[in-house]
Amino acid sequence: MHKWYVVQVISGKEKRVKKAIDDNKEDAGMKDLVEDIVVPSEMVSEVKMGEQKITEKRIWPGYILVKMVLNDESWDFIKKINGVVGFLGGKNPTPLSEKEISELMRYLEEKKEKVVHKHKVEIGDTVKIIDGVFVNFIGTVIEVNREKGRVSVMVSIFGRDTRVDDLEFWQVEELIKE
């Protein structure tokens, strides 16, 4: 019976490993043993140099999910794929439970449906300015423009509130809430 296993791969090689498994499983006689391969990823939006870019990012870099019948031949086939480090669990990998896999697939489906913003700065967040004229000032975000990748921050200068406009997301860092 096919079960889902977590396979550790060299980080950044997830798609290449998936393609290698797909391309070689028929020739190796593994078509019936290896059913599906999933590279957990999400679409992330960020603004670079004034342009909004949407890129695919791995949710768990260095890991893929493989639905397969695990026996000596299939174990050997997967382990010999270039870029595979091994199975999570070592010599005795434990398959994911039905509950785990259903929650995981639902989570991945939700991630596919929407684009996530790389910078999660929201109005009201306390941030530290890390670049520009107001470097090291701490203030409160008063405006967020995700399309342009910019924020406006209210800082206190000599006891007076001053609005700092047009800071790029990378120019501020969110202070951790306690």
Side-chain angles (χ1 to χ4, degrees), residues 4-19 36-66 83-90 93-94 96-178:
W4 286 96
Y5 294 90
V6 179
V7 177
Q8 187 177 9
V9 300
I10 295 171
S11 190
K13 307 279 187 209
E14 300 87 356
K15 280 191 165 184
R16 198 171 292 156
V17 169
K18 177 186 184 332
K19 184 174 176 6
D36 196 9
I37 303 128
V38 174
V39 177
S41 58
E42 65 184 344
M43 300 310 283
V44 177
S45 168
E46 67 180 310
V47 177
K48 283 186 177 175
M49 294 185 199
E51 283 187 45
Q52 185 170 8
K53 294 186 181 348
I54 297 177
T55 55
E56 186 178 14
K57 284 227 158 101
R58 308 291 166 270
I59 295 174
W60 303 297
Y63 295 95
I64 63 172
L65 304 172
V66 181
V84 170
V85 175
F87 284 85
L88 202 63
T94 307
L96 297 171
S97 70
E98 287 300 318
K99 183 181 181 218
E100 287 173 319
I101 202 63
S102 67
E103 287 175 7
L104 199 57
M105 291 303 177
R106 185 171 46 251
Y107 173 75
L108 293 175
E109 203 55 45
E110 286 173 10
K111 291 285 187 184
K112 267 187 194 165
E113 290 174 7
K114 61 184 178 193
V115 174
V116 177
H117 292 283
K118 180 176 183 180
H119 304 282
K120 297 182 182 353
V121 178
E122 300 291 335
I123 293 173
D125 287 351
T126 302
V127 295
K128 178 179 179 181
I129 300 173
I130 58 171
D131 183 70
V133 178
F134 296 98
V135 69
N136 292 328
F137 276 82
I138 294 174
T140 305
V141 176
I142 56 173
E143 193 178 319
V144 178
N145 185 334
R146 296 209 184 280
E147 291 75 41
K148 291 185 178 177
R150 300 196 177 267
V151 295
S152 295
V153 178
M154 189 68 74
V155 297
S156 178
I157 302 174
F158 302 116
R160 293 190 160 194
D161 283 345
T162 305
R163 181 182 175 115
V164 180
D165 286 322
D166 280 341
L167 291 169
E168 292 189 31
F169 283 135
W170 64 268
Q171 290 180 289
V172 298
E173 94 182 358
E174 187 177 6
L175 294 179
I176 298 166
K177 299 172 187 115
E178 293 184 27

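What's counted below: heavy atoms across the whole structure, side chains too, no hydrogens, waters or symmetry copies.
Between Lys13 atom NZ and Arg16 atom CZ the span is 4.0 Å, to the nearest 0.5 Å. To the nearest 0.5 Å, atoms CG (Leu88) and CH2 (Trp60) are separated by 12.0 Å. Asp125 CG to Ile142 CD1: the interatomic distance, rounded to the nearest 0.5 Å, is 13.0 Å. Considering CZ of Phe87 and CD of Gln8, their distance stands at 12.0 Å, rounded to 0.5 Å. Annotation: the span from Glu42 atom CD to Tyr107 atom OH amounts to 6.0 Å, rounded to 0.5 Å. In this structure, Ile129 CD1 and Glu173 CD are separated by 11.5 Å, a value rounded to the nearest 0.5 Å.
With sequence neighbours left out, Arg58 forms a side chain to side chain donor-acceptor pair (under 3.5 Å) with Glu14. Among residues two or more places apart in sequence or in another chain, the ring-ring contact (aromatic ring centres under 6.0 Å, His included) test is passed with Tyr5 by none. Lys18 is linked by a salt bridge (charged side-chain N to carboxylate O under 4.0 Å, His left out) to Asp22, counting only residues two or more places apart in sequence or in another chain. Tyr63 pairs by the ring-ring contact (aromatic ring centres under 6.0 Å, His included) definition with nothing, not counting sequence neighbours. Checked against salt bridge (charged side-chain N to carboxylate O under 4.0 Å, His left out), Glu110 has no partners two or more places apart in sequence or in another chain. Residues satisfying the side chain to side chain contact (heavy atoms under 4.5 Å, CB included) criterion with Ser97, sequence neighbours excluded, are Lys99, Glu100. Arg160 pairs by the side chain to side chain contact (heavy atoms under 4.5 Å, CB included) definition with nothing, not counting sequence neighbours. Considering only residues two or more places apart in sequence or on other chains, Arg163 meets the salt bridge (charged side-chain N to carboxylate O under 4.0 Å, His left out) condition with Glu143, Asp165. Under the rule for a side chain to side chain contact (heavy atoms under 4.5 Å, CB included), the partners of Asp36 that lie at least two apart in sequence or sit in another chain are Trp4, Val38, Lys67. Partners of Thr140 by side chain to side chain contact (heavy atoms under 4.5 Å, CB included), not counting sequence neighbours: none found. The salt bridge (charged side-chain N to carboxylate O under 4.0 Å, His left out) search around Lys128 returns none, not counting sequence neighbours.
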Val172 and Val141: CA distance, side-chain angles, deciding distance, side chain to side chain contact (heavy atoms under 4.5 Å, CB included) verdict:
CA-CA 10 Å; Val172 298; Val141 176; 5.9 Å; no

Going through the checks in order, is the side chain to side chain contact (heavy atoms under 4.5 Å, CB included) test met by Trp170 and Ile130?
CA-CA 8 Å; Trp170 64 268; Ile130 58 171; 5.6 Å; no

Carefully, step by step, assess Val151 and Val127 under the rule side chain to side chain contact (heavy atoms under 4.5 Å, CB included).
CA-CA 11 Å; Val151 295; Val127 295; over 6 Å; no

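The list of ring-ring contact (aromatic ring centres under 6.0 Å, His included) pairs with a residue in residues 135-167, not counting sequence neighbours, reads Phe134-Phe137.
Of all heavy-atom pairs between Val9 and Val85, the closest is C-CG2, 3.8 Å. Contact record, Glu122 with Val144: C-CG2, 4.1 Å, taken as the closest heavy-atom pair.
Residues Ile59 and Leu108 are in side-chain contact: their nearest non-hydrogen atoms beyond the backbone lie under 4.5 Å apart. At least one side-chain heavy atom of Val6 sits under 4.5 Å from a side-chain heavy atom of Leu65.
For Glu56, the CD atom counts as densely surrounded, since its 6.0 Å shell holds more than 12 non-hydrogen atoms of other residues, nucleotides or ligands.
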